[in-house]
Amino acid sequence: NGASPAEPPHTDIEPRPAPAVADPTVDTATVRRIVGKLEAMPPEQARLVASAAYILARAANADLDISDEETAIMEEALQRRGALDEATAVLVVEMAKLQAKTVGGTEDYVVTREFKSLATEDQRLNMARACFTIAAASGSISAEESAVANEIATDLDIDTPTLAALRAEFTDQMSAIQEMRRLTGAG
């Protein structure tokens, strides 16, 4: 029809610079150092850390998207109480995210069962709470995210009254509650 193609709208957003090309020898040394730290852990502790990271990634991937906010919560959870240093936590989280995105299914239950067998009751409760915290990272917990967090808590043998109390901590972030309040003009 002879019309010129529409020009894209002008935005003030600057394009991202191209990522710097990393020196592979530095990356390799960093990865080797991190792997060395994990291998230096007692095997039971390494399995606990690995299974914890996977469960956190499973919770983050409930909506099929793992955000930067969810990633940061996962990294912080693995660094808490000195379990891992920052560099190691970052690598472990990235590995767990990849696994959660590509494996899933039966592996979800098997890994959660492994964590349950290694963890104390407090660690299991803290894991369930961390899953809800990850789900709430965006400010709203979707039905899918809530269902996965509930399933993880159940797999960890969190009893019904404890799970109900845990869910109550996140009532204001539940998307269904937010929508109901929006529709009724409450809150």
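Sequential numbering from 1 along the given sequence is applied to the chain's residues. Keep in mind it's a predicted model, so treat the numbers as computed, not measured.
- Not counting sequence neighbours, the partners of Met41 by the side chain to side chain contact (heavy atoms under 4.5 Å, CB included) test are Leu38, Gln45, Ala46, Val49, Leu84.
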- request: Just do the side chain to side chain contact (heavy atoms under 4.5 Å, CB included) check on Arg181 and Asp172 with the steps written out, would you?
  value: CA-CA 10 Å; Arg181 287 178 179 161; Asp172 291 339; 2.7 Å; yes
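- Summarising the geometry, atom CE belonging to Met127 is positioned 8.5 Å from atom OG1 belonging to Thr112; distances are rounded to the nearest 0.5 Å.
- Among pairs with a residue in residues 145-166, those fulfilling salt bridge (Lys or Arg N to Asp or Glu O under 4.0 Å) read Arg58-Glu151, Arg58-Asp155, Lys116-Asp157, at least two apart in sequence or across chains.
- Going from atom OG1 of Thr154 over to atom OH of Tyr109 covers 11.5 Å, rounded to the nearest 0.5 Å.
- The minimum heavy-atom distance between Leu78 and Ala53, with the atom names listed, is CD1-CB, 3.8 Å.
- The closest side-chain heavy-atom distance from Glu70 to Leu56 is not below 4.5 Å.
- Using a distance-only test at 3.5 Å, with no hydrogens or angles considered, a donor-acceptor pair links the side chain of Gln79 to the main chain of Glu75.
- For the residue pair Ala153 and Leu163, the shortest heavy atom distance occurs at CB-CD1, 3.6 Å.
- Separation of atoms CD1 (Ile158) and CD1 (Ile152) is listed at 11.0 Å; rounding is to 0.5 Å.
- Taking hydrophobic clusters as Ile, Leu, Val, Met, Phe, Trp and Tyr residues chained together by side-chain heavy-atom distances below 4.5 Å, Ile73 does not share a cluster with Val90.
- Counting non-hydrogen atoms of neighbouring residues, nucleotides and ligands closer than 6.0 angstrom, the CD atom of Glu121 reaches no more than 12 such neighbours.
- Here the side chains of Met74 and Val92 are not in contact, with every heavy-atom distance at 4.5 Å or above.
- Annotation: side chain of Arg47 is not in contact with side chain of Phe115 (no heavy-atom distance under 4.5 Å).
- Closest approach of Gln178 to Gly139, counting heavy atoms only: NE2-O, 2.9 Å.
- Under 4.0 Å is where a charged nitrogen must lie from a carboxylate oxygen, and between Glu94 and Lys97 at least one such pair does.
- Both Phe170 and Met180 are assigned to one and the same hydrophobic cluster, defined by single-linkage of ILVMFWY side chains at heavy-atom distances under 4.5 Å.
- Between Glu107 and Val103, the shortest heavy-atom contact is CB-CG1, 3.3 Å.
- Residue Glu169 qualifies as enclosed at atom CD: its count of foreign heavy atoms under 6.0 Å is above 12.
- Going from atom CD of Gln173 over to atom OG of Ser140 covers 8.5 Å, rounded to the nearest 0.5 Å.
- The two residues Leu166 and Ala128 come nearest to each other via the heavy atoms CD2-CB, 3.6 Å.
- Put simply, Val110 and Leu118 are part of two different groups of oily side chains (I, L, V, M, F, W, Y) that touch within less than 4.5 Å, one to the next.
- The backbone N or O of Ser142 lies less than 3.5 Å from no partner atom in the side chain of Ser146, so there is not a single donor-acceptor pair.
- Smallest separation of non-hydrogen atoms from Val148 and Ala62: CG2-CB, 3.6 Å.
- A donor and an acceptor atom, one from each side chain of Asn150 and Arg167, are located under 3.5 Å apart.
- With no hydrogens or angles considered, no side-chain donor-acceptor pair links Ser51 and Glu114 at under 3.5 Å.
- Here Asn126 contributes atom CG and Thr133 contributes atom OG1; the two are 9.5 Å apart, rounded to the nearest 0.5 Å.
- The CD1 atom of Ile141 sits 4.5 Å away from the CE atom of Met174 when rounded to the nearest 0.5 Å.
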